[in-house]
Amino acid sequence: MEASVILPILKKKLAFLSGGKDRRSGLILTIPLCLEQTNMDELSVTLDYLLSIPSEKCKARGFTVIVDGRKSQWNVVKTVVLMLQNVVPAEVSLVCVVKPDEFWDKKVTHFCFWKEKDRLGFEVILVSANKLTRYIEPCQLTEDFGGSLTYDHMDWLNKRLVFEKFTKESTSLLDELALINNGSDKGNEQEKERSVDLNFLPSVDPETVLQTGHELLSELQQRRFNGSDGGVSWSPMDDELLAQPQVMKLLDSLREQYTRYQEVCRQRSKRTQLEEIQQKVMQVVNWLEGPGSEQLRAQWGIGDSIRASQALQQKHEEIESQHSEWFAVYVELNQQIAALLNAGDEEDLVELKSLQQQLSDVCYRQASQLEFRQNLLQAALEFHGVAQDLSQQLDGLLGMLCVDVAPADGASIQQTLKLLEEKLKSVDVGLQGLREKGQGLLDQISNQASWAYGKDVTIENKENVDHIQGVMEDMQLRKQRCEDMVDVRRLKMLQMVQLFKCEEDASQAVEWLSELLDALLKTHIRLGDDAQETKVLLEKHRKFVDVAQSTYDYGRQLLQATVVLCQSLRCTSRSSGDTLPRLNRVWKQFTVASEERVHRLDMAIAFHSNAEKILQDCPEEPEAMNDEEQFEEIEAIGKSLLDRLTIPVVYPDGTEQYFGSPSDMASTAEHIRDRMKLVSLKRQQLRHPELVTTES
């Protein structure tokens with residue numbers, strides 16, 4: 001029976017054990033009757049509960065029952081005494097009925113308890129309150145009976161409730177802990193699993209129960225050693241009443257079982273943690289080797305363009321994102337396994353290391369596959385990028401080659417040719433880069449079979465390889481076609497450069513010939529002071545003419561070359577059409593002026609030669625010196641020469657041009673006249689020798 005079940009009855013204080021003892025060390029049971037009618041059933045329940053508290057040793061010393069009838073009627077007292085016969089006949093040694101003063105005298109005579117001693121089994125005495133000290137020490141009596149013993153029924157009841165709750169919880173907890181602990185020690189896995197399922201967690205918190213027990217024990221020990229004001233160390237909550245040793249025993253048992261339980265929990269927690277880790281490891285491994293690997297196996301293409309490769313990269317990033325979640329679980333599991341390994345439990349080391357190795361192998365292999373796939377797609381993207389750039393360069397080069405060349409001059413042709421060569425060189429560099437990227441991509445594809453999980457990727461790889469090789473071959477063919485067209489264009493442009501050069505040189509020849517003509521007319525004006533000098537001038541003139549002839553021939557050759565180049569280029573020269581007439585016109589002008597110069601020099605030579613013959617005193621030829629015809633010839637030549645100096649050079653187109661300036665011609669004419677005067681004087685001397693003598 002528990003106090004909590006009959007708590008309302010116990011609160012009525014129908015009976016109580018105050019903790020006091022009689023002179024035989026028997027416990028004192030007090031039944032305080034009141035004016036109201038006492039419920040005998042409730043009193044019986046109360047007595048049953050109170051008498052169940054003391055130990056058997058304590059019960060063997062007997063009880064002294066104090067029935068306080070001062071506020072009750074005699075028939076109630078009588079009923080209570082008779083009831084004690086049925087409730088506690090063996091344990092009761094003395095019943096003290098506290099009577100009111102002079103109230104029951106007449107009624108007592110009708111019923112003497114001492115006569116019924118043999119039938120009742122215990123002695124009953126009627127005594128007034130002030131006479132109780134004859135049987136019981138005052139320090140063992142409560143204040144109601146003039147004693148000094150302090151008793152607080154509600155405090156006792158509360159402590160009793162705490163004690164019974166602790167006893168109940170601790171006993172139940174001990175059974176549960178024992179079941180759990182014993183179940184964990186069994187070798188039978190089936191029993192172990194059943195014990196884990198039913199009793200893995202106690203119904204109450206062991207820490208709370210232990211704390212309650214310690215608080216209760218502390219309270220009991222404190223009350224035990226706190227004496228009353230009378231100086232006697234005694235407490236109503238004695239060992240035999242509140243079973244302090246029982247609390248201590250329960251606490252000891254609880255601590256022992258709880259310690260074992262904590263170890264069991266630790267082992268089970270470790271096992272549970274290990275099983276959870278193993279389960280999570282298998283989840284990671286199964287996903288990576290299952291759906292994760294299937295995702296990678298499904299992604300084998302590299303795309304046929306930049307956009308396709310970028311789409312595949314985006315899809316791969318989504319796959320990587322899913323893998324990242326599992327890799328995060330891997331990192332967490334690896335940390336948990338490392339922590340368990342550091343704990344140093346030998347029995348789990350092998351299993352933990354095996355799990356760690358399995359998890360690491362799968363994760364690293366999957367991470368390597370992801371990285372390989374990412375690198376492959378990046379290489380494919382770079383390959384397609386280079387291919388696209390090269391295709392654009394080839395398109396630009398082809399567009400440039402398809403446009404007809406119509407430059408203004410040779411410099412622009414040279415610039416265009418330089419740009420063409422630069423574009424072709426850029427295409428060469430781009431094609432070389434494409435080959436390098438393509439070869440690198442092919443090398444990576446050839447390594448793809450190493451992580452295909454046994455899947456035959458030959459067909460998929462062949463498609464990728466054919467695509468890469470096809471792109472490179474196509475670019476090679478396009479580049480070869482452009483090279484052929486560049487060769488043709490280069491030849492054409494070089495011919496055009498040569499054409500412009502010939503036209504330019506031909507124009508330069510015309511300029512040179514014009515300069516020679518201008519020099520002939522302006523500087524080649526002297527006729528010499530004597531025959532020898534004139535002959536030298538004539539020889540120089542012939543050389544001058546040879547230079548002009550070479551210049552003319554050079555210009556003619558250049559113009560002929562332009563005609564041939566124009567026929568080859570199927571174009572019309574823009575400069576040779578007027579250059580040739582200009583060259584011929586200047587050449588004809590030069591020829592006329594040159595011939596005029598030769599005539600004048602020839603006449604000057606004849607004039608100076610004849611004049612010198614006459615003017616020289618040569619006795620070997622007297623006849624010649626006196627020949628009148630010679631003088632007339634010299635005079636005629638001189639006059640003709642003077643007349644020729646005044647006549648301009650008439651070109652075929654009717655234009656006229658004089659040699660030198662008028663002053664230059666006047667100086668030359670003056671020199672000829674002086675020579676003619678000398679010849680005339682010589683003539684007179686020969687005709688009239690006496691004049692020479694007279695003058696002498």
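Both backbone and side-chain heavy atoms feed into the values below; hydrogens, waters and symmetry mates do not.
The pair Asp252-Lys249 does not count as a salt bridge, with every side-chain nitrogen at least 4.0 angstrom from each carboxylate oxygen. Looking at Glu483 and Lys479, a side-chain N of the basic residue comes within less than 4.0 Å of a carboxylate O on the acidic one, giving a salt bridge. Salt bridge annotation for Asp487-Arg490: present, with a cationic side-chain nitrogen under 4.0 angstrom from a carboxylate oxygen. A salt bridge does not link Arg365 with Asp361: none of the charged nitrogens is closer than 4.0 Å to a carboxylate oxygen.
Here the side chains of Val427 and Leu397 are in contact, with some heavy-atom distance below 4.5 Å. When side chains are defined from C-beta on, Leu312 does not count as touching His316, because their heavy atoms never get closer than 4.5 Å. Residues Gln439 and Leu442 are in side-chain contact: their nearest non-hydrogen atoms beyond the backbone lie under 4.5 Å apart. You'll find the side chain of Leu157 reaches within 4.5 Å of the side chain of Leu7, heavy atoms only. For the pair Gln313 and Gln378, the minimum side-chain heavy-atom distance is below 4.5 Å. Inter-residue side-chain proximity for Lys165 and Ser4 is flagged as unmet; no heavy-atom pair is nearer than 4.5 Å. Under the 4.5 Å side-chain criterion, counting only non-hydrogen atoms from C-beta, Arg478 is in contact with Asp395.
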Kindly determine whether Leu288 and Cys363 satisfy side chain to side chain contact (heavy atoms under 4.5 Å, CB included), including the steps that lead there.
CA-CA 7 Å; Leu288 292 179; Cys363 288; 3.7 Å; yes
Mind running salt bridge (charged side-chain N to carboxylate O under 4.0 Å, His left out) on Arg160 and Glu164 for me, showing each step along the way?
CA-CA 6 Å; Arg160 188 65 191 177; Glu164 289 185 354; 3.3 Å; yes
Might you work through the side-chain hydrogen bond (donor to acceptor under 3.5 Å, both in side chains) test for Asp389 and Gln393, ending with a clear yes or no?
CA-CA 6 Å; Asp389 293 341; Gln393 291 177 1; over 6 Å; no
Check against side-chain hydrogen bond (donor to acceptor under 3.5 Å, both in side chains), Tyr261 and Glu176
CA-CA 10 Å; Tyr261 170 73; Glu176 293 175 358; over 6 Å; no
Any chance you could lay out the side-chain hydrogen bond (donor to acceptor under 3.5 Å, both in side chains) test for Gln295 and Gln322, step after step, and finish with the verdict?
CA-CA 10 Å; Gln295 288 178 349; Gln322 296 180 22; 2.7 Å; yes
Give the intermediate values and the outcome of side-chain hydrogen bond (donor to acceptor under 3.5 Å, both in side chains) for residues His384 and Ser305.
CA-CA 6 Å; His384 289 125; Ser305 63; over 6 Å; no
Walk me through it: do Glu263 and Arg260 pass the test salt bridge (charged side-chain N to carboxylate O under 4.0 Å, His left out)?
CA-CA 5 Å; Glu263 179 62 22; Arg260 290 182 58 195; over 6 Å; no
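No donor-acceptor distance shorter than 3.5 angstrom exists from the side chain of Asn334 to the backbone of Tyr330, with no hydrogens or angles considered. Between the side chain of His467 and the backbone N or O of Glu463, no donor-acceptor pair lies under 3.5 Å. Between the Ser324 side chain and the Glu320 main chain, a donor and an acceptor come within less than 3.5 Å of each other. When atom types are taken as modelled, the side chain of Ser52 and the backbone of Tyr49 share a donor-acceptor pair closer than 3.5 angstrom. Under the 3.5 Å distance criterion, the side-chain polar atoms of Ser321 are left unmatched by any main-chain donor or acceptor of Glu317.
The heavy-atom pair separating Leu441 from Ile302 by the smallest distance is CD2-CD1, 3.9 Å. The minimum heavy-atom distance linking Gly213 with Phe166 is given by the pair CA-CE1, 3.3 Å. Contact detail for Lys59 and Pro54: the closest heavy-atom pair is CE-O, 3.4 Å.
Ring orientation note: the planes of Trp326 and Trp287 are close to parallel, at an angle under 30° on the 30°/60° scale.
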